[in-house]
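Structure first, commentary second.
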There are 2 protein chains.
Amino acid sequence: MILRALRERDRVPVTVLAELTGCSEMTIRRDLDVLERDGCLRRVRGAAVNMLTGEETPFPLRARQQVEAKRRLGAAVAGMLDDGETVVLDSGTTTLEVARSLADRRLTVLPLSLHGADALRPAERVRLVLPGGDLRAGELTFVGPLTEYALNTMRFDTVVLGCCGLTVRDGVTAHDLVEAQVKKAAVAASARVIAVLDHAKLVRTAFARVCAVAEVDVVVTDRDAPADQVDQLRQAGVEVHCV
Amino acid sequence: MILRALRERDRVPVTVLAELTGCSEMTIRRDLDVLERDGCLRRVRGAAVNMLTGEETPFPLRARQQVEAKRRLGAAVAGMLDDGETVVLDSGTTTLEVARSLADRRLTVLPLSLHGADALRPAERVRLVLPGGDLRAGELTFVGPLTEYALNTMRFDTVVLGCCGLTVRDGVTAHDLVEAQVKKAAVAASARVIAVLDHAKLVRTAFARVCAVAEVDVVVTDRDAPADQVDQLRQAGVEVHCV
DNA sequence: TGATACGAACACAAAACGTGTTCGATGGGC
DNA sequence: GCCCATCGAACACGTTTTGTGTTCGTATCA
């Protein structure tokens with residue numbers, strides 16, 4: 001409720017949040033503490049302030065959004081992977097749900113974030129290989145030359161790509177340049193590219209270019225995907241699944 | 001209590017454990033479930049059986065042993081690291097305690113196990129770089145050519161080495177060949193080698209050789225270390241701390 | 001086939017958690 | 001520099017979760 005209120009206005013007083021939620025101000029303050037620690041908002045005296053200034057929404061906030069839809073996407077992607085495959089699992093909250101759908105599968109997985117590795121740790125039949133590299137603080141993604149070297153020395157059957165934007169015109173795009181570099185290497189190292197993203201990202205273009213639409217084999221998105229975008233993608237030879 | 005009982009006898013009936021602990025058999029069974037899942041013992045009908053057959057005790061069991069002593073060792077090693085240093089943090093339960101003592105330090109750390117990475121994740125001022133590689137299931141250590149490549153491309157001020165055995169005659173030894181290979185690379189990449197181990201390991205020699213005593217700069221162990229071993233190490237030019 | 005061990009299901013107590021209140025400390029605006 | 005609003009520590013309370021013991025039907029081994 002707090003995050004929802006904060007999405008509408010940029011600054012919401014503690015008193016208003018207390019009234020809105022029907023609980024005491026003390027409870028609000030405690031919740032604001034947690035949310036601030038997670039990097040979901042900024043606290044000022046008397047109120048919570050939206051911290052979404054730049055491009056990228058912080059991971060813990062994204063992880064709290066549209067959980068059910070992401071779970072469906074994750075299950076759909078998991079269903080496209082065959083047992084025994086070698087898979088690069090990109091970073092992001094949607095691909096994280098893919099990882100969670102892989103618990104009892106037999107695969108070799110190279111996750112591009114520690115979150116992915118954590119999710120796959122209990123999966124006994126999954127062989128985990130980590131790429132290494134600099135660990136970006138919030139996202140816990142691997143970036144840098146070490147990561148790219150690792151991807152360059154291996155070949156994979158499939159890369160499950162999470163992206164910030166995908167259009168026929170601009171291809172796959174990401175917010176961050178160094179992350180895009182890693183994604184690029186992952187695409188180059190993989191025989192099949194599955195991009196997974198919610199419908200909102202199908203009309204969006206982010207800053208850093210990853211690859212052209214021609215390099216994408218499959219797009220998995222939700223049912224709210226705009227029909228014209230889906231048509232354009234299909235005409236461009238991309239297999240599109242709306243789940 | 002269960003694990004202690006199992007260290008004395010190799011097979012302890014559920015009824016005996018119930019009597020020993022003063023709780024019901026059902027509770028014992030539930031605890032045995034957990035311990036078996038963690039790989040600390042094996043269950044047979046009517047009893048728990050010690051599973052320590054081979055060389056290496058499983059990680060969750062070791063992590064439960066001598067926690068206080070390890071914590072002291074960890075704090076001592078942490079005190080030897082200067083702010084701003086680049087450090088390789090070896091795998092193992094003792095070095096894990098070193099990681100926990102590094103929470104508010106400013107360092108660049110390359111952990112050789114996921115456990116180490118997890119422990120350092122909340123440390124905001126620690127720059128984490130992971131080596132990558134194959135993830136060994138139980139220990140969660142990085143091994144293989146990828147790990148060695150990463151170590152070969154970097155130089156470090158210090159390596160905090162956890163080892164299974166260390167004697168003047170046989171040098172530093174480990175249980176596993178591929179792990180030893182990684183440790184070897186870590187030693188080669190570091191200007192200073194700090195070995196941390198409890199006193200029992202000072203008279204032990206394991207299977208796989210890591211390096212000679214001459215390559216070790218500092219040994220941190222506990223006060224129960226045998227005096228003659230300590231003397232020998234000092235005569236060999238090693239700085240020994242018993243904490 | 002019988003005695004023993006097992007685990008699912010329920011009941012119960014203890015601990016942990018979330019919440020609200022009070023109250024002294026702190027901070028920004030006039 | 002004062003004052004009022006906000007803050008967080010401390011305590012109290014109800015709820016939830018966890019751990020434990022009991023019962024009882026089922027599975028297992030001699």
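Letters A, B, ... are given to chains in the order of the sequence lines, protein chains preceding strands, and every chain is numbered from 1. As the structure is a computational prediction, the values presented were derived from the model and not from experiment. Basis for what follows: all heavy atoms, side chains included, without hydrogens, waters or symmetry-related copies.
Judged purely by atom type and a 3.5 angstrom limit, A:Thr86 uses its side chain to pair as donor or acceptor with the backbone of A:Asp157. Remark: the backbone N or O of A:Ala200 is paired with a side-chain donor or acceptor of A:Asp198 at under 3.5 angstrom.
The heavy-atom pair separating B:Val126 from B:Arg105 by the smallest distance is CG2-O, 3.4 Å. Scanning all heavy atoms of the two residues, the minimum distance from B:Ala186 to B:Ser190 falls at O-OG, 2.8 Å.
With rounding to the nearest 0.5 Å, the separation of NZ in B:Lys70 from CD in B:Gln65 is 6.0 Å. Between the CE atom of A:Met80 and the CD1 atom of A:Ile194 there is a distance of 6.0 Å, given to the nearest 0.5 Å.
Regarding B:Ile2, its CD1 atom lies at a distance of 14 Å from the C1' atom of D:dG19, rounded to whole Å. Regarding B:Met1, its CE atom lies at a distance of 12 Å from the P atom of D:dT20, rounded to whole Å. At whole-Å resolution of the value, CG in B:Leu35 and P in D:dG19 are 13 Å apart.
Residue contacts for A:Val44: at a heavy-atom cut-off of 4.0 Å it reaches the sugar-phosphate backbone alone, with no base atom in range.
Taking a 4.0 Å limit (strictly below) on heavy-atom distances, residues 13-32 of chain A reaches DNA chain C at A:Cys23, A:Ser24, A:Met26, A:Thr27, A:Arg30.
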| request: Could you run through nucleotides 25-30 of chain C and give me one letter per nucleotide, 5' to 3': B if any protein heavy atom sits under 4.0 Å from the base, S if only the sugar-phosphate is that close, - if neither? | output: -BBS--
| query | Would B:Arg136 and B:Glu179 count as a salt bridge (Lys or Arg N to Asp or Glu O under 4.0 Å) if you check the C-alpha gap in whole Å, the side-chain angles of each, and the deciding distance to 0.1 Å? | reply | CA-CA 10 Å; B:Arg136 281 188 62 202; B:Glu179 297 242 358; 2.3 Å; yes
| query | Can B:Leu140 and B:Phe59 be said to form a side chain to side chain contact (heavy atoms under 4.5 Å, CB included), step by step? | reply | CA-CA 9 Å; B:Leu140 297 188; B:Phe59 188 93; over 6 Å; no
